[in-house]
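Numbering of residues begins at 1 and proceeds along the displayed sequence. What you see is a predicted model, and the numbers here were worked out from it, not measured in a lab.
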Amino acid sequence: MGVVNLKMQLAGFIVPLTIGFVIGAFDGSFNGAVWLLVSFGVVCFIAFFMTLKSDKENFMTEHPQTIPAVK
């Protein structure tokens with residue numbers, strides 16, 4: 001929990017600074033900041049789908065239902 005919280009706090013500190021630098025580099029335009037956020041979203045989307053497992057049949061055979069059915 002501490003490691004996750006540390007990373008979130010660090011991101012909360014670094015991202016506003018980065019967006020400010022990008023806005024400054026684009027002469028006050030928010031276009032660069034929007035594209036930066038879009039690119040971060042695409043990276044997160046790709047990472048999410050790379051971690052999904054598609055072998056649901058194996059999960060059901062390895063973990064059979066242990067709760068008996070009530071009659």
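Closest non-hydrogen pair, Pro16 versus Ala11, comes out as CD-O, 4.0 Å. Nearest approach of Ala33 to Val22, heavy atoms of both residues: N-CG1, 3.5 Å.
Side-chain heavy atoms closer than 4.5 Å link hydrophobic residues (I, L, V, M, F, W, Y) into clusters, and following such links, possibly through other members, connects Leu17 to Ile14. Put simply, Phe26 and Val38 are part of two different groups of oily side chains (I, L, V, M, F, W, Y) that touch within less than 4.5 Å, one to the next. With hydrophobic clusters built from ILVMFWY side chains whose heavy atoms lie under 4.5 angstrom apart, Val15 does not share a cluster with Val34.
With values rounded to the nearest 0.5 angstrom, Leu36 atom CG is found 13.0 Å from Phe21 atom CZ. Residue Ile23 holds its CD1 atom at 10.0 Å from CG of Asn31, rounded to the nearest 0.5 Å. Rounded to the nearest 0.5 angstrom, Asn5 CG and Met8 CE are separated by 5.0 Å.
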